Student: 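This is the structure I have questions about; it appears just below.
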Number of protein chains: 2
Amino acid sequence: MRISDVARHAGVSPSTVSYVLSGKRSISDTTRRRVLDSIDALGYRPHAGARSLASRRSNVLALVVPLREDVHVPVAMRFAVSVVTAARAHDHDVLLLTQGEGPAGLHRVAGSAMVDGVIVMDVETEDARVPVLRSLDLPSVLIGVPADTEALTCVDLDFAAAGAACVHHLADLGHRDIAFVGQPASVYERRTGFAERTLAGFEAAARERGVRATSHPCDPAAARTLAAELVRDRPDLTGLIVHNEPSLAPLLEALADHGRTPPETSVVALGSLPPGVAELTRVELPAEELGARAVALLMDRIDGPEHPEVTLLEPRIILGESTAPPVRPD
Amino acid sequence: MRISDVARHAGVSPSTVSYVLSGKRSISDTTRRRVLDSIDALGYRPHAGARSLASRRSNVLALVVPLREDVHVPVAMRFAVSVVTAARAHDHDVLLLTQGEGPAGLHRVAGSAMVDGVIVMDVETEDARVPVLRSLDLPSVLIGVPADTEALTCVDLDFAAAGAACVHHLADLGHRDIAFVGQPASVYERRTGFAERTLAGFEAAARERGVRATSHPCDPAAARTLAAELVRDRPDLTGLIVHNEPSLAPLLEALADHGRTPPETSVVALGSLPPGVAELTRVELPAEELGARAVALLMDRIDGPEHPEVTLLEPRIILGESTAPPVRPD
DNA sequence: CTGAAAGCGCTAACAA
DNA sequence: TTGTTAGCGCTTTCAG
């Protein structure tokens, strides 16, 4: 079943069939209809290899997914799914590359023309893949922002603004003593962009508002202990910002155990939230939108001149029932 | 940079370069060396599209990942990663298909010769994709076992045996009244193979051993409540089998709150366990091995005659500190 | 053990 | 608006 079979069946030339499929030149309505009818009468599907050989386009893009212990897997999956969905909307498929393959994977898919572009997730501030990407002559988009964005296209949530927005919300309510519960320590140690920037935004805003503020890296396993310590050691603490999805549930439980069910202590959640905490005041991670944007930007780079740019999405704070003016001893 | 450039550089014909790369005919050591040297002197990489056009092999396989709310995402990710890793070891790449695309995705990648085979995860007892797969003339392997395995190649953990092994372990220790904490109810409703079979294995073994046994679908959000109910309503209950990863932590905490820290109540965990519960008695899900097996079987089907077969891996129970002979009132 | 050459199925000039 | 045709870069007969 080849293009020439379709052409014969429709009584046109192979190139006409090709043009009907690609839309790269105008075709009379009658011809188009005849061709399309033949295509689905015969169940024709173009051979992807032949197409990529002739057109120098594979209609596939590569997605590099992170694989670390400390990345929150459901978030990674949300990104991956949104990238696949968006890619399909642009008539592309997605090849899965794992972090583990490192630069070799990028060289392979680029060198053999398997993909038209790459999307890289979980970018670190000093990311070893960035120089590889620059050397590769393959369109790419990063989800995340490294230190040096020269000649790079990046999309991300404006995490600094997100961290700050949480502080401002609490400060506006009158809180004067707050704490930031962050990602596991290893995430900061490897200088993951989003974690660093959130913390920086938190600290800057707290300084600006004159709020007493501390920050605490946190593991899910240590969440209950941390909550207990905060309640014990920080009697004036009235607000908590939690930037750690899997620790959220144990933290809330521990607070409840100490009689500090929100908004007794105010809690703002930041990140990709599980169902069942919908009522919290929060800044959500727009993973679907980020994935879709990344794909859209990549498509622009694939068939257009390069527009290096950094896109930061504005955070939206959603008011829930977990924050309120502080309840103070005085 | 094409194969003819390499050929010229090495002073041989293009076909010789091709044969050096594919190993499909014998080449003298000197020639081989010269060719390989030229290849990496020039940094040559074969064009994937050209190769797939000429050889009718894409060296890519498709992986259909589940996307449901009720699948435990980290488990799905473990499978995906192990499939990618194993595929790479067989010189294949992996194209990501989402459940959402349904049969259309399978038709597309098969019809356009994008992939040499498919691996399908999260198979249901009556799975709509199975007839599609049968009609497709594309080698496939299922991770999971549907009701009708005619002409299918499947791999899975022997979940029935796993459920039974947990019962036998507790019965051997002397427990006479146990409960099974299962997956969310929706997982049984859509008749997911592994969940059904585990429960069936549990029930059969309990009957065989004459142990009083009940089973309880469970959501992570309801885990604490369930634990409290079991403690309250089942005074003679001494053993628990937990087949629900995300509910494990809240269950254990709730047991502890009621003074029933294992092995005060014996607990056997079944599934993909998070780090930090390593000391539990458990049957682990060998996701890496299953992924690798699936790929190996697929490779066999791709370049060999069909060998439909169902491979069930033996469960291994790992003895930890969460089980002990029952502490009874008598 | 090695070469020559005929495609694989499609796209995109070029021509009409 | 449509057709003709020369490749795209590789694999694999067929010949030697």
Side-chain angles (χ1 to χ4, degrees), chain A residues 1-36 38-39 42-60 91 93 108-116 302-303, chain B residues 1-36 38-39 42-60 91 93 108-116 302-303:
Chain A
M1 175 54 44
R2 305 162 316 160
I3 199 170
S4 57
D5 299 322
V6 177
R8 196 170 321 112
H9 185 277
V12 299
S13 73
S15 62
T16 297
V17 177
S18 175
Y19 284 119
V20 166
L21 251 18
S22 70
K24 289 191 182 172
R25 79 179 181 192
S26 49
I27 303 278
S28 71
D29 271 3
T30 42
T31 304
R32 190 205 322 292
R33 184 129 312 284
R34 267 221 311 291
V35 169
L36 292 175
S38 297
I39 284 176
L42 301 180
Y44 167 71
R45 301 192 186 258
H47 187 288
R51 187 172 250 192
S52 90
L53 178 56
S55 69
R56 341 203 102 245
R57 280 288 178 76
S58 65
N59 276 44
V60 174
D91 195 32
D93 270 285
R108 182 164 43 80
V109 297
S112 61
M114 296 190 74
V115 304
D116 299 332
I302 286 174
D303 46 32
Chain B
M1 173 56 43
R2 305 162 315 160
I3 200 170
S4 58
D5 299 322
V6 176
R8 195 172 319 112
H9 186 276
V12 299
S13 73
S15 62
T16 298
V17 177
S18 175
Y19 283 120
V20 166
L21 251 17
S22 70
K24 288 191 181 171
R25 78 182 183 192
S26 49
I27 303 278
S28 73
D29 271 4
T30 41
T31 304
R32 189 205 323 291
R33 184 130 312 285
R34 266 220 313 290
V35 169
L36 291 175
S38 297
I39 284 174
L42 302 180
Y44 167 71
R45 299 190 187 262
H47 186 287
R51 187 173 250 191
S52 89
L53 178 56
S55 69
R56 341 204 102 244
R57 279 290 178 75
S58 65
N59 277 42
V60 174
D91 195 32
D93 271 284
R108 184 164 41 80
V109 297
S112 62
M114 295 190 76
V115 304
D116 299 331
I302 287 173
D303 44 35

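Computed from a predicted structure; not experimentally measured. Labels below follow one simple rule: chain letters A, B, ... track the order of the sequence lines, proteins then strands, and each chain is numbered from 1.
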Student: Starting at CG of D5(A) and ending at C1' of dC10(C), how long is that distance when rounded to a whole Å?
Tutor: 13 Å
Student: To the closest 0.5 Å, what do you measure between CZ (R51(B)) and CG (L21(B))?
Tutor: 5.5 Å
Student: How long is the span from the CE atom in M114(B) to the OG atom in S52(A), to the nearest 0.5 Å?
Tutor: 9.0 Å
Student: Do the side-chain N and O atoms of S55(A) and R57(A) include a donor-acceptor pair separated by under 3.5 angstrom?
Tutor: no
Student: Please report, rounded to the nearest Å, how far the P atom of dT2(D) is from the CZ atom of R33(A).
Tutor: 14 Å
Student: Taking atom P of dG7(C) as reference, at what distance in whole Å does atom CD1 of I3(B) sit?
Tutor: 19 Å
Student: Runs of at least three consecutive Watson-Crick or G-U pairs, both distances under 3.5 Å, are what I'm after; which ones involve DNA chain D?
Tutor: C:1-16 with D:1-16
Student: Does S13(A) place a side-chain N or O at less than 4.0 Å from the phosphate oxygens OP1/OP2 of dT2(D)?
Tutor: no
Student: Can you tell me if the side-chain N/O atoms of R51(B) get under 4.0 Å from OP1 or OP2 in dC10(D)?
Tutor: no
Student: If you pin R25(A) and V17(A) to their nearest nucleotides in DNA chain C, which one's is more 5'?
Tutor: V17(A)
Student: Distance check needed: dT11(C) P versus N59(A) CG, whole Å only.
Tutor: 10 Å
Student: Contact class for R56(A) (heavy atom, under 4.0 Å): base, sugar-phosphate, or nothing?
Tutor: sugar-phosphate
Student: For Y19(A) and dT11(C), what is the distance between atoms OH and C1' respectively, to the nearest whole Å?
Tutor: 7 Å
Student: Heavy-atom count check: over 12 atoms from other residues, nucleotides or ligands less than 6.0 Å from R25(A) CZ?
Tutor: yes
Student: Roughly, in whole Å, what's the span from NE2 in H47(B) to C1' in dG9(C)?
Tutor: 13 Å
Student: State the CG-CG distance between D116(A) and N59(A), to the nearest 0.5 angstrom.
Tutor: 6.0 Å
Student: Taking atom types as modelled, is there a side-chain donor on S15(A) or S18(A) under 3.5 Å from an acceptor on the other?
Tutor: no
Student: Indicate, with a heavy-atom threshold strictly under 4.0 Å, whether S18(B) touches base, sugar-phosphate, or nothing.
Tutor: base
Student: Quick one: M1(A) CE to dG9(C) P, roughly how many Å, whole number?
Tutor: 11 Å
Student: OP1, OP2 of dT1(D) versus side-chain N and O of R32(A): anything below 4.0 Å?
Tutor: no
Student: Assign each of D29(B) and A54(A) to its nearest nucleotide of DNA chain C by heavy atoms, then name whichever residue's nucleotide is nearer the 5' end.
Tutor: D29(B)
Student: Can you tell me how far the NE2 atom of H9(A) sits from the CG atom of L42(A), to the nearest 0.5 Å?
Tutor: 4.5 Å
Student: Does dT11(D) have OP1 or OP2 sitting under 4.0 Å from an N or O in the side chain of S15(B)?
Tutor: no
Student: Taking only residues two or more places apart in sequence or in another chain, which ones pass salt bridge (charged side-chain N to carboxylate O under 4.0 Å, His left out) with R32(B)?
Tutor: D29(B)
Student: Please report the distance, rounded to the nearest Å, between NZ in K24(B) and P in dT12(D).
Tutor: 4 Å
Student: So, is S28(A) close to the dT2(D) phosphate, meaning a side-chain N or O under 4.0 Å from OP1 or OP2?
Tutor: yes
Student: Quick check for you: among dG9(D), dT11(C), dT2(C), whose closest atom lies nearest to any side-chain atom of T31(B)?
Tutor: dT2(C)
